[in-house]
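First comes the structure, then the notes that go with it.
Every value quoted in this text rests on a predicted model; they were computed, and no experiment measured them.
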Amino acid sequence: MRRKFIIGNWKMNLLQSEATALITGLADELDALDGVDLGVCPTYLSIGVVAPLLARTHVQVGAQNTFWETKGAFTGQVSPQMIKDAGCTLCLVGHSETRGRFGKLDIPASTVGIFAESNETINLKIKALLVSGLTAVLCIGETLAEREAGNTDSVIASQLSGALAGVTPEDLLAIVIAYEPVWAIGTGKTCDSPEANRVCGVVRSWIRAEYGDESADHMRVLYGGSVKAANAKELFSTSDIDGGLVGGAALLPEEFIGIAKAGL
Ligand code: PGA
C-alpha cells in the first residue's frame, strides 16, 4: 500500500512574513495527520524561515527548482547542496512553468524561451538531486494542444524517457512523479478523476515496462492541476493517484488541510 503524498507548491507567492504566518497556523494541524506524507515548497527566499518552523514535524520542505552544478559562476542559480543546507528534503523538477509551458499566461514565444528547460536539463537536475540525497518530484504533463491532437500518452512517455535517462531502479526510490496536465494548472479546470487516474496509470505502466513490477508498485504518482478540498477525496481514492501537487489551494489554510485529510 503506497502512502499518499500531498505537496503544496507555493510558486511565486508569499513574503517571508506571510510564509511564516501561514506555516505557524498550519504546522501542528498538519503534523497531526501522521497517516499521510506532506510537503510544502516555498520560494527560495522563504525556505529559511519555513524550514525551522517545520523541523520537528513530519512535514517536509522542498524547493521549486534547482541547478545541477554544485557551485561556481552560475548567476542566479541555486544548487541541490544549498537547498539541502537550507533544510529541504525534496525539490520539484520540470514543472510546466519552468519548462515554459504556461497553461494560461498569454506571453510571446520569445519570453517563454527564458523559462524553457528541456528533458535533458531536467535529467541533469534529477541526477544532481539524487547525488545530494534529496527527493526529486518530477513534473510531467501535456498542453491542451497536445491533448486535443491525441498525443497525451506519447508526450508523457517521451517526458519520462528523457527525464529518467540513466536513472537506476535504486534511484527511483528517491523520485516521485507528478502528472500535471498543463491546461488544468491554475485554470480551475480539473482533469476529471477517471482520466487523471488513467494517465497516472499510463505513467505506472511505463515504469513497469522499463523498470519492472517492484519499481512500478512502489512509485508514487501524484496528480496536480486545480486540486481542491472538494475534489481531492475523489481523485485520491482512484487506483493510480497517490496524492497531489497543489498550487493555489496550498495558500489557503482550510483548503490545504482539507486536501491533506483527503490523503488519510
Ligand atoms: P494549481 O497548480 O493547483 O494552482 O492548479 C498546481 C501546480 O502547478 O503544481
Side-chain angles (χ1 to χ4, degrees), residues 1-15 18-43 46 50 53-54 57-64 89-90 92 95-97 102-104 135 137 139-141 144 176-201 203 220-264:
M1 186 65 185
R2 295 180 293 270
R3 252 171 89 90
K4 296 280 192 287
F5 203 165
I6 320 287
I7 302 171
N9 171 13
W10 292 357
K11 306 192 179 184
M12 198 177 72
N13 292 294
L14 306 182
L15 302 177
E18 296 166 329
T20 302
L22 178 63
I23 280 305
T24 304
L26 278 178
D28 288 349
E29 220 177 328
L30 288 176
D31 193 36
L33 305 175
D34 53 12
V36 58
D37 287 343
L38 296 168
V40 293
C41 301
T43 64
S46 286
V50 168
L53 294 170
L54 293 173
T57 74
H58 78 292
V59 184
Q60 300 185 52
V61 181
Q64 299 172 15
T89 53
L90 53 91
L92 308 184
H95 191 281
S96 61
E97 289 154 12
F102 294 97
K104 57 175 182 170
T135 297
V137 181
C139 305
I140 57 173
L144 187 58
V176 173
I177 296 172
Y179 167 57
E180 300 206 300
V182 178
W183 49 272
I185 295 177
T187 57
K189 285 187 209 141
T190 320
C191 184
D192 66 36
S193 53
E195 175 60 8
N197 186 50
R198 187 193 71 78
V199 183
C200 289
V203 173
R220 286 188 289 187
V221 184
L222 316 185
Y223 167 76
S226 299
V227 176
K228 337 180 220 308
N231 60 21
K233 192 83 211 173
E234 187 185 329
L235 287 160
F236 301 165
S237 47
T238 56
S239 57
D240 281 299
I241 299 178
D242 303 314
L245 182 55
V246 184
L251 301 170
L252 307 170
E254 291 305 313
E255 279 290 310
F256 194 58
I257 290 283
I259 295 166
K261 284 183 177 164
L264 290 172

Could you tell me the separation between the [atom1] atom of [X] and the [atom2] atom of [Y], rounded to the nearest 0.5 Å?
X      : Y      : atom1 : atom2 : result
Asn9   : Leu92  : CG    : CG    : 5.0 Å
Ile6   : Leu33  : CD1   : CG    : 9.5 Å
Leu144 : Thr187 : CG    : OG1   : 9.5 Å
Asp34  : Arg3   : CG    : CZ    : 7.5 Å

Are Lys228 and Glu255 within salt-bridge range, i.e. N to O under 4.0 Å? no

Shortest non-hydrogen contact between [X] and [Y], atoms and distance:
X      : Y      : value
Ala262 : Ala232 : CB-CB, 3.6 Å
Ala229 : Ile259 : N-CG1, 3.5 Å
Tyr179 : Cys200 : CB-SG, 4.0 Å
Lys4   : Phe236 : CE-O, 2.9 Å
Val36  : Ala260 : CG1-O, 3.8 Å
Cys139 : Leu245 : SG-CD2, 3.7 Å

Could you check if a side-chain atom of [X] sits within less than 4.5 angstrom of a side-chain atom of [Y], using non-hydrogen atoms only?
X      : Y      : result
Thr190 : Val227 : no
Thr20  : Val50  : no
Leu30  : Thr57  : no
Val40  : Phe256 : yes
Tyr223 : Val199 : no
Val176 : Thr135 : yes
His95  : Ile185 : yes
Val246 : Ile7   : no

From the list Val221, Thr238, Asp192, side-chain contact (heavy atoms from CB on, under 4.5 Å) partner of Asn197 resolves to Thr238

Do Asp31 and His58 have side-chain atoms, one donor and one acceptor, less than 3.5 Å apart? yes

Identified salt bridge (charged side-chain N to carboxylate O under 4.0 Å, His left out) partner of Arg220 from the options Asp240, Asp242, Asp37: Asp37

Kindly determine whether Lys261 and Ile257 satisfy side-chain contact (heavy atoms from CB on, under 4.5 Å), including the steps that lead there. CA-CA 6 Å; Lys261 284 183 177 164; Ile257 290 283; 3.8 Å; yes

Please check this pair: side chain of [X] against backbone of [Y], looking for a donor-acceptor N/O pair closer than 3.5 Å.
X      : Y      : value
Gln64  : Cys41  : yes
Glu29  : Leu26  : no
Ser193 : Leu235 : no
Asn13  : Ala19  : no
Ser46  : Pro42  : no

Ile241 vs Leu222, test: side-chain contact (heavy atoms from CB on, under 4.5 Å). Steps then yes/no. CA-CA 6 Å; Ile241 299 178; Leu222 316 185; over 6 Å; no

Evaluate Leu53 against Thr24 for side-chain contact (heavy atoms from CB on, under 4.5 Å), listing each step before the verdict. CA-CA 7 Å; Leu53 294 170; Thr24 304; 3.9 Å; yes

